[in-house]
Amino acid sequence: MDGTIKSAYACALEVTKKIDNKKIKAYRTKLASALTANDKMRVFDVLLQLSNYSEVNMGFVYSLYEDYEKNIEVVYAFVNALGTVIENKEKNGSQGE
């Protein structure tokens with residue numbers, strides 16, 4: 001993964017930690033719909049709303065402002081990771097310890 005995609009992934013994980021699952025599903029749906037409709041301004045609007053709601057700075061968005069078409073995969077990576085829960089070994093307990 002390049003740096004911008006890693007940043008989008010990290011932002012999605014951070015957002016997932018901060019807001020409840022129902023809201024995440026709603027934002028995923030909004031973003032997926034905007035992507036499917038190729039509605040660039042709606043993608044920007046939803047990302048801005050999500051950033052404000054979750055209080056997470058989404059630095060990867062600047063690459064989209066510079067060249068949306070060239071960096072569209074960054075939004076797909078963000079949407080794909082949104083709602084992903086990374087289980088911590090300490091939470092689950094490690095085997096063999």
Side-chain angles (χ1 to χ4, degrees):
M1 277 192 279
D2 77 3
T4 308
I5 291 178
K6 284 181 184 178
S7 175
Y9 178 80
C11 284
L13 295 181
E14 187 66 26
V15 168
T16 299
K17 291 178 192 174
K18 293 199 171 201
I19 63 175
D20 66 62
N21 199 36
K22 283 185 179 181
K23 285 286 186 182
I24 289 171
K25 287 181 181 181
Y27 280 108
R28 277 187 73 148
T29 300
K30 289 178 184 182
L31 285 167
S33 295
L35 285 168
T36 302
N38 200 25
D39 187 346
K40 176 171 77 170
M41 294 311 294
R42 181 71 178 141
V43 169
F44 291 158
D45 290 344
V46 174
L47 287 172
L48 180 62
Q49 291 169 7
L50 185 54
S51 178
N52 286 335
Y53 183 76
S54 66
E55 298 180 343
V56 172
N57 181 5
M58 297 184 186
F60 70 89
V61 148
Y62 296 104
S63 67
L64 298 172
Y65 296 153
E66 288 178 16
D67 192 342
Y68 182 82
E69 284 74 23
K70 181 180 172 191
N71 294 299
I72 190 70
E73 73 278 358
V74 175
V75 182
Y76 282 97
F78 177 81
V79 173
N80 190 52
L82 194 59
T84 301
V85 177
I86 303 298
E87 291 295 326
N88 179 327
K89 282 185 182 180
E90 293 173 13
K91 270 185 170 176
N92 293 332
S94 296
Q95 301 238 340
E97 289 185 338

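What you are looking at is a predicted structure, and each value in this text was computed from that prediction instead of being measured. Just so you know, residue 1 is the first one in the sequence shown, and it goes up from there.
With sequence neighbours left out, the ring-ring contact (aromatic ring centres under 6.0 Å, His included) criterion links Y68 to F44.
No path of Ile, Leu, Val, Met, Phe, Trp and Tyr side chains, each step under 4.5 Å between heavy atoms, connects M41 with L48, placing them in separate hydrophobic clusters. Under the 4.5 Å side-chain heavy-atom criterion for grouping Ile, Leu, Val, Met, Phe, Trp and Tyr, Y76 is connected to L64 within one hydrophobic cluster.
Scanning both residues, T16 and T84, for their nearest heavy atoms gives CG2-O, 3.5 Å. In terms of heavy atoms, F78 sits closest to A8 at CD1-O, 3.3 Å. Closest approach of R28 and L82 over heavy atoms only: NH1-O, 2.8 Å.
Panel note: side chain S7, backbone G3; no donor-acceptor pair is recorded below 3.5 Å. Using a distance-only test at 3.5 Å, with no hydrogens or angles considered, a donor-acceptor pair links the side chain of N71 to the main chain of D67.
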* **side chain to side chain contact (heavy atoms under 4.5 Å, CB included) assessment of I72 paired with V43** => CA-CA 10 Å; I72 190 70; V43 169; 5.9 Å; no

* Asked: After noting the C-alpha distance and the side-chain angles of L47 and F60, does the key distance pass the side chain to side chain contact (heavy atoms under 4.5 Å, CB included) rule?
  -> CA-CA 11 Å; L47 287 172; F60 70 89; 4.2 Å; yes

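Atom CG of residue D20 and atom NZ of residue K25 lie 10.5 Å apart, to the nearest 0.5 angstrom. Atom CG of D2 and atom CD of E73 lie 7.0 Å apart (nearest 0.5 Å). For the atom pair E14 CD and S54 OG, the distance stands at 8.0 Å (nearest 0.5 Å). A distance of 6.0 Å separates SG in C11 from CE in M58, rounded to the nearest 0.5 Å. Here the CG-CG distance, from L31 to D39, works out to 11.0 Å after rounding to the nearest 0.5 Å.
More than 12 heavy atoms of other residues, nucleotides or ligands sit less than 6.0 Å from atom NZ of K18.
Stacking of K30 on the aromatic ring of Y27 is recorded, both the 6.0 Å distance cut-off and the 45° axial limit being met.
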